[in-house]
**Student:** 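The structure is given below, and queries will be raised subsequently.
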Amino acid sequence: MIQEQVTPHRQKQMDHRYDAVAKVTGTAQYAAEFTGPFPAKDVTYGYVVQSTIPNGTLLSINADAAEAASGVLAVLTPFNAPKLPVPPPNPPARRNLTVLQDATVSYNGQPIAVVVALSLAQAQYAASLLTIRYKQEPAKLEFRKHLAEARSPKQPGKEPAVNHRGDTTAAFAKASVVVEGTYVTPIQNHNPMEPHSTIAWWEGEKLNLYDSTQAISGVKQSIAKLFQIPVDFVRVQCPYTGGGFGSKGSMWSHVPLAALSARVVGKPVKLVLGREQMFGPVGARPSTVNRIKLGATSDGKLVAMQHDVVMNASVLEDFTEHSAGVTKMLYKSPAVSVTEKLVEQNLGVSTFQRAPGEAPGTAVLETAMDELAIRLNMDPLQLRLINYADTDPSQDRPFTSKNLKVAYQQAAARFGWSKRPTQAGTQIEGNNLIGYGMATATYPANRSAAQAVVRILPGGRAFVGSGTQDLGTGMYTMLAQTCADSLGGLDPATVQVKLGDSTLPKAPVSGGSQSTASVCPAVQDAAAQVILKLSELVALQTASPLFGKGSSELTAKDGRLVAKNNPALADSFASIVQRNGNIPVEAMGSAEKSEGADAYTSQSFGAVFAEVAVDKDTHMVEVRRIVATYDIGTLLNDKTGTNQLEGGIVWGVSFALHEETHIDPVYGRTVNENLAEYHVPVNADIGTLDVTVLNIADTKFNPLGARGIGEIGITGAAAAVGNAIFNATGKRVREFPITPDKIMTA
Amino acid sequence: MNPFTYERAAAADTAIRAASSHGAKFLGGGTNLVDLMKYGVEHPTTLVDVNHLGMDQVTPTAAGGMFVGGSVRNSDLANNPAIVRNYPLLSHALLAGASPQLRNMATTAGNLLQRTRCYYFMDTAFPACNKREPGSGCAALNGFNRIHAVLGQTDEGAASPHTCIATNPSDMNVAMYALGAVVEVQGPKGKRSIAVADFHRLPGKNPELDTNLRPDELILGVTLPPATFAKNSWYLKVRDRQSYAFALVSVAAGLEMNGGTIKSAGLALGGVAHKPWQSKEAERALAGKPANRTTFMDAANVALTGAHGYKDNAFKVEMAKQTIVRALTLAAQGVQA
C-alpha cells in the first residue's frame with residue numbers, strides 16, 4: 001500500500017482524451033460491435049418481448065407461428081426456458097430480475113420472452129407473431145393518489161430513512177418565519193446514448209460477455225451467482241461504454257437472458273435493447289414528493305428543517321432516492337427531521353441516476369431556501385452564508401476540505417449577482433422577463449478499494465491496466481496521466497492503457513463519482529512498486545551505470561532511473577528491461593480508503609447561478625447563462641473534467657425544464673418512450689456555460705487531492721434555474737419540470 | 001420488419017396504378033411512415049417510391065401564386081427565395097418543425113399526411129386506439145392527454161368507436177391553412193383540387209381517417225394563392241423546448257393591412273385539434289377592425305369558442321388565446337425576420 005502523500009503535485013495533463021482518435025474515427029469498439037473471437041457469421045440476434053399489462057400472470061404464449069417464421073432459432077418463454085439452478089438472487093446480484101423463471105407480470109414492459117433469430121429484423125418480426133394470453137390483476141398505479149399508503153423502506157440503502165436531531169416541534173414554534181411547501185420531482189429515465197447491449201457466448205461451462213456496463217466485476221459476480229458457475233468461469237469485456245448514468249451500474253435482466261439464449265441455441269447471441277425498451281427494464285429515477293418546512297429567526301438563522309419525502313418504488317424491489325439526505329447536512333440547523341417513505345407501484349425497478357438523492361434533493365431544498373430568502377426579504381446568497389456549515393452537521397465531524405464560501409464568492413462575482421433584481425418580475429426586456437437565481441451544489445466524495453497493474457514494456461513504454469470502465473468520462477485519460485506521472489514524468493500519450501476487461505485487476509463500479517478517486521491511487525501504488533522492481537534489477541545489472549545502487553538512492557525521472565545524489569548517473573527503463581531479457585517488469589498496486597477516513601466527511605460543493613428570460617406571453621424559458629464554481633479538490637484534467645461538469649449542468653437544465661417520464665394511469669406503460677417525446681435539452685436550450693473549479697487539493701481524502709466530479713454538476717442547477725424563473729416572473733412552480741403551461745397557470 | 005415490396009415509380013400514372021393494389025402506400029421522405037412501420041403501426045404491403053417523379057419544383061402560377069411540388073423537401077421550401085419573400089409565414093412554420101435532419105428529408109406531400117403523435121396511436125401495446133384499430137376505443141381520453149385536442153374532437157367516452165382526441169402535429173399545415181392553400185391530387189380517374197381546409201378531417205365518426213385523400217390518389221403538390229400576407233405575418237409556436245418539440249399550441253397569423261386597419265386575416269391554430277384549426281369566424285372578426293389588443297382578444301375568444309380540455313391539456317385553451325393575441329400583435333407590426 002502506498003504511503004499517502006501530503007503534498008500533491010499537478011500531473012501533466014493530456015491535451016486530448018486518450019481515446020479521442022479512436023472515438024472520432026469510429027475504431028473504438030462498443031459491446032455490440034464485436035465480431036470475434038467467435039466466427040462473425042455465427043452471431044445470432046435476441047429480441048426481448050415485453051409484457052403489455054402492468055400486473056397479472058401469463059397464461060400462455062403460443063409461439064407456433066413465430067417458430068415457423070424464417071430465420072428463427074428459438075423462442076424462450078417462462079414455459080420452456082431452462083430453469084436456473086436457484087431463484088434469481090438479490091444481493092449481490094442486487095436487482096430482482098425477470099429472467100423467464102416464472103409467469104408473474106409485475107409491470108408493463110417486463111421481459112416475458114426472447115426470440116432468437118439469424119437477424120434482428122427476423123427476431124422482431126417473429127416476436128409480433130406471438131399470441132400472448134394473460135390473467136390480469138388490478139395494478140398499483142398513480143402513486144400520488146396513494147401517498148397515505150407510504151411505508152418505510154425495507155432496506156433503506158446507504159442512509160437511514162429516518163433521521164432527527166434537536167426538537168423540531170419546539171423550534172418551529174419559536175421560529176419567526178416558517179415556509180412550508182410540497183415540491184415534486186418526476187420519474188426520469190437515464191437514456192444513455194448507447195443502449196444496453198450484450199453479446200454472450202459459451203465455451204463449455206465458461207461464459208463470455210461483451211456487455212455495455214458500468215461494472216464489469218459486478219456483472220461477473222452477478223451472472224456467476226445466477227447460473228451457479230464459478231466466478232472465474234465468467235469473463236466480461238467492455239472497453240467503451242456509451243454513457244450509463246447509473247442505468248448500467250447493475251446487471252439487468254437482458255444480460256442473463258442473452259446468456260440463457262446463447263446456451264439454448266449454442267451460438268453467440270447479441271441482444272441490444274431498443275430505445276423504447278429502456279423505459280422500465282433498466283431502471284429509472286423515481287418520482288419524489290417532498291414536504292419541506294423551514295423555520296428561521298428574523299435575521300435568517302435556520303432553527304428547524306423538516307423534510308418528509310414519499311416516492312414511488314417497484315413492487316419488485318425497494319429503492320430509496322435519498323432526496324432528504326442533503327437537508328441533513330447542507331446547512332447548520334440545530335433541529336432537523338427527515339423521513340423517507342415508499343409507495344409500491346406496478347412499475348419497473350427504480351435505481352441510481354446521476355447524483356441519486358442529491359439531484360432531486362438540491363432541486364427541492366434549494367427551492368425552499370429561495371422561498372425562505374424571499375420571505376425574509378434577504379439576498380438568497382446571504383441566507384446561505386448565514387447558515388453556512390463549517391463542519392458536517394449530520395455527523396458532527398469535520399470535512400476533509402470545504403471551501404464553499406470561496407466558490408460562492410467566485411461564482412457570484414463572475415455572474416454579476418450584485419445586479420440581481422431584488423423584486424421579482426421587475427427586469428423586463430421587450431416581451432421577456434429576466435430573472436437571476438442561485439443554488440448550492442453538493443455531492444459526496446466516495447472511494448472504494450481498487451487494484452491496478454503497471455508494466456514497463458520492452459523499449460521502455462509503460463502499460464497500465466485496471467478492470468475499471470470508461471463511460472465517456474475520461475478514465476483512459478486518467479489512467480494514462482496518473483501512470484505517466486507516477487513513473488516519474490513520462491509522456492502520457494505514450495502509455496498503453498487497458499481497462500474494461502474482468503481479467504484485469506479488480507476495480508469498483510463506475511458509480512458514485514468514485515472511479516478516478518479510487519483507481520488512480522492504485523495506479524500510483526503499482527507504479528511505485530514497478531520503480532522499486534526496476535531499482536532492484538538495475539542494482540544487479542553490471543553493465544548499468546547504476547550497478548550496486550540501493551533502491552533508496554534512486555528515483556524515476558523522464559523514463560529513467562536517476563541517482564538522487566548525482567543526476568548524471570542514470571539508466572533508461574528501456575535499457576533495464578533489455579538487460580532483463582526484454583521481459584516486461586510489472587507490479588500490482590492497490591489502494592483503499594485511508595485509515596481514519598471515518599473521522600471526516602469528504603464532500604464536494606459548488607455554487608450555481610442562472611439567468612433566464614421568460615416570454616410573458618408564451619411562457620417559454622430561455623436559459624441565457626449559467627455560471628458555476630466547484631470545490632472538488634484538484635481537477636486532474638481540465639478538458640474531461642470541465643466537460644463532465646458542463647454535462648451535469650445541462651442535465652440540471654433538463655431537470656428544471658424538460659425531463660419527465662409519463663406513465664399511463666390505466667395501463668402503467670411509459671407513453672413517451674422515445675427521444676422525440678422524452679425531452680432533454682437541445683443545443684438551443686443551453687446558453688453560455690461558465691464553469692470554474694477552485695482546484696484546492698483535498699489530500700486528507702486521497703493522495704491525488706482529487707474528489708470525484710461525475711455527478712455534482714447536475715446538483716443545484718435545477719433549483720438555480722427555477723429560482724431564476726421566480727425572480728423573472730414572481731411565479732413559483734414547485735413541480736419539476738417547469739414547462740410553459742405550469743408557469744402560465746402558476 | 002414486416003415483409004413488404006418496394007417499387008420506384010418513374011411517372012405519376014404508373015405510381016398511381018401501383019398504389020391501387022390493396023395496402024400500398026406512397027413513400028416520400030419516409031420520416032414518419034418508416035418510423036410507424038418499425039413500430040408496427042403501419043403495415044403497407046407495397047411502398048411506391050415517388051421521389052423521382054420530377055415533383056420537386058417550386059414554380060409561379062399564372063394566377064400570381066406559387067405551385068409547390070409534392071416532393072419538395074421541407075428545407076428547400078423553407079429556404080426558397082420566392083417563398084421567403086412572399087410567404088414568410090410558410091417558411092417560418094417549416095423551420096419551426098422537427099430538426100434540420102428531418103426537414104432535409106421530409107416532403108411537402110408527406111408533411112400534409114403526417115400522422116398524429118398521440119402516444120396511444122404510436123404504441124401498439126396500448127389496446128385502445130380508434131385511429132389505429134377502428135372500434136377499439138380511445139386510451140387517451142382517460143390516459144395522459146397533455147398533447148391532445150381541445151377543439152373539434154369526438155368524445156363519446158373511452159369505449160366508443162368514435163372517440164378520438166388526437167391532434168395533427170404538423171407546423172407546415174398550420175401555415176397552409178392560414179394561407180388558403182389548395183392541394184392538387186391525381187387519381188386513376190384524373191386530377192382534382194382540394195382546398196387544404198377540406199383536405200384534413202375532424203375525427204367525426206371515422207377517426208381512422210386523417211384526410212379525404214383516397215388511397216390511390218397521389219399528391220402532386222400544393223398551390224398557394226397570390227400572397228396577401230407577405231408584409232404582415234407571424235408563426236408562433238409554444239413548445240417544451242427551443243427546438244425539436246411538437247407544438248403545445250401554435251398560431252399562424254397573416255394580416256392584410258390598410259394603414260392601422262385589418263383588411264383581411266388568415267388565422268390557424270396547431271396542436272389543438274385533429275386538423276389545423278382555422279377559425280373563419282375569428283378571421284371575419286378581425287376584418288375591418290383596428291389592429292389593436294381588443295380586436296385581437298376578441299378574435300382569440302371567438303377562435304376558442306366551444307373549446308374544452310381534459311385532465312392534462314385544459315391549459316391549452318388559455319394558452320391558445322394568449323398565443324393568438326401575441327401572434328396577431330407581432331403580425332400587425334410586420335414580418336418575422
Side-chain angles (χ1 to χ4, degrees), chain A residues 50-53 69-70 108-109 119-125 127-129 274 276 431 615-623 653-654 657-667 669-677 679-687 737-745, chain B residues 1-3 31-32 35 38-40 43 98-99 102 117-128 139-147 158 169 236-251 309 311-316 318-319 321-327 329-330:
Chain A
Q50 297 168 276
S51 71
T52 56
I53 65 160
S70 98
N108 198 326
S119 74
L120 177 60
Q122 287 170 320
Q124 283 177 318
Y125 177 62
S128 74
L129 302 177
E276 72 286 358
N431 280 288
D615 188 298
K616 68 176 178 55
D617 294 319
T618 66
H619 315 283
M620 286 176 68
V621 177
E622 181 193 347
V623 178
V653 172
S654 189
L657 302 180
H658 302 124
E659 205 168 335
E660 177 167 14
T661 300
H662 294 289
I663 307 288
D664 177 81
V666 178
Y667 300 96
R669 191 173 175 84
T670 302
V671 297
N672 55 336
E673 54 183 21
N674 64 67
L675 291 179
E677 267 84 14
H679 288 166
V680 297
V682 297
N683 276 311
D685 290 301
I686 304 299
I738 306 173
T739 47
D741 49 314
K742 290 180 192 164
I743 296 174
M744 184 185 80
T745 55
Chain B
M1 184 73 82
N2 294 302
T31 54
N32 188 213
D35 279 357
K38 288 180 181 172
Y39 297 156
H43 307 92
S99 65
L102 287 166
R117 302 299 297 194
C118 174
Y119 313 118
Y120 303 92
F121 170 74
M122 291 181 69
D123 184 350
T124 59
F126 287 110
L141 200 67
N142 297 323
F144 179 67
N145 45 36
R146 180 166 179 264
I147 65 170
L236 185 57
K237 179 176 182 179
V238 184
R239 48 185 153 178
D240 286 325
R241 60 182 168 187
Q242 300 285 338
S243 180
Y244 194 48
F246 293 93
L248 294 171
V249 166
S250 70
V251 174
K311 179 168 61 73
D312 304 306
N313 73 347
F315 70 89
K316 281 189 176 181
E318 175 60 23
M319 181 174 274
K321 289 181 185 176
Q322 294 187 15
T323 311
I324 289 171
V325 172
R326 174 72 173 282
T329 305
L330 291 165

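Just so we're on the same page: letters track the sequence lines, and every chain starts at 1.
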**Student:** Which atoms form the tightest heavy-atom contact between B:Ala139 and A:Asp664, and what is the distance?
**Tutor:**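 Heavy atoms of B:Ala139 and A:Asp664 come nearest at O-OD1, 4.4 Å.
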**Student:** Look at the side chain of B:Arg241 and the backbone N and O of A:His679, then say whether any donor-acceptor pair between them is shorter than 3.5 Å.
**Tutor:**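 No; zero donor-acceptor contacts below 3.5 Å.
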**Student:** May I ask you to test the A:Pro740-B:Phe315 pair for a side-chain heavy-atom distance under 4.5 Å?
**Tutor:**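 No, their side chains stay 4.5 Å or more apart.
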**Student:** Side chain from CB out, backbone as N, CA, C, O: work out which of these in A:Glu673 comes under 4.5 Å of a heavy atom of chain B, or both, or neither.
**Tutor:**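 Only the side chain of A:Glu673 comes within 4.5 Å of chain B.
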**Student:** Can you tell me which portion of A:Asp615 sits under 4.5 Å from chain B's heavy atoms? Options are side chain, backbone, both or neither.
**Tutor:**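 The side chain, not the backbone.
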**Student:** Contact part of A:Leu129 toward chain B, heavy-atom cut-off under 4.5 Å: side chain, backbone, both or neither?
**Tutor:**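 No part of it gets close to chain B.
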**Student:** With A:Glu677, which residues qualify under side-chain contact (heavy atoms from CB on, under 4.5 Å), at least two apart?
**Tutor:**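 Only A:Asn672, A:Asn674, B:Arg117, B:Tyr119, B:Phe246 meet the side-chain contact (heavy atoms from CB on, under 4.5 Å) criterion with A:Glu677.
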**Student:** Quick one: of A:Thr618, A:Thr745, A:Val621, who has the most non-hydrogen atom pairs under 4.5 Å with chain B?
**Tutor:**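 The option with the most such pairs is A:Thr618.
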**Student:** Check each atom of B:Lys237 against the heavy atoms of chain A and say whether the ones under 4.5 Å are side chain, backbone, both or neither.
**Tutor:**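 Backbone only.
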**Student:** With only heavy atoms counted, which part of B:Asp240 is less than 4.5 Å from chain A, the side chain, the backbone, both or neither?
**Tutor:**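 For B:Asp240, backbone and side chain are both near chain A.
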**Student:** Which answer fits B:Leu236, side chain, backbone, both or neither, if we ask what part of it has an atom under 4.5 Å from a heavy atom of chain A?
**Tutor:**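 Just its side chain gets close to chain A.
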**Student:** Whether B:Arg146 and A:Asp741 form a salt bridge (side-chain N of Lys/Arg under 4.0 Å from carboxylate O of Asp/Glu) is what I want to check.
**Tutor:**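 A salt bridge is present here (some side-chain N lies under 4.0 Å from a carboxylate O).
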**Student:** Hey, are the side chains of B:Gln242 and A:Met620 touching, using non-hydrogen atoms and a 4.5 Å cut-off?
**Tutor:**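 Touching, per the 4.5 Å side-chain cut-off.
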**Student:** Can you see which heavy atom on B:Phe144 is nearest to which on A:Pro665, and at what distance?
**Tutor:**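 Residues B:Phe144 and A:Pro665, closest heavy atoms: N-CD, 4.0 Å.
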**Student:** Angle class for the A:Tyr667/B:Phe126 ring planes (parallel below 30°, perpendicular above 60°, tilted otherwise)?
**Tutor:**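 A:Tyr667 vs B:Phe126 ring planes: perpendicular.
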**Student:** Does any backbone or side-chain atom of A:Val666 lie under 4.5 Å from a heavy atom of chain B? Answer side chain, backbone, both or neither.
**Tutor:**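 Interface part for A:Val666: side chain.
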**Student:** Who wins among A:Leu657, A:Asn431, A:Ile663, A:Ile53 for the most heavy-atom pairs under 4.5 Å with chain B?
**Tutor:**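 Going by pairs under 4.5 Å, I would pick A:Asn431.
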**Student:** How close do B:Tyr244 and A:Leu675 get, counting heavy atoms only, and between which atoms?
**Tutor:**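 Result for this residue pair: CE2-O, 3.8 Å.
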**Student:** For chain A, find which of B:Glu318, B:Arg239, B:Lys316 contributes the most heavy-atom pairs closer than 4.5 angstrom.
**Tutor:**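 With the most close heavy-atom pairs to chain A, the winner is B:Arg239.
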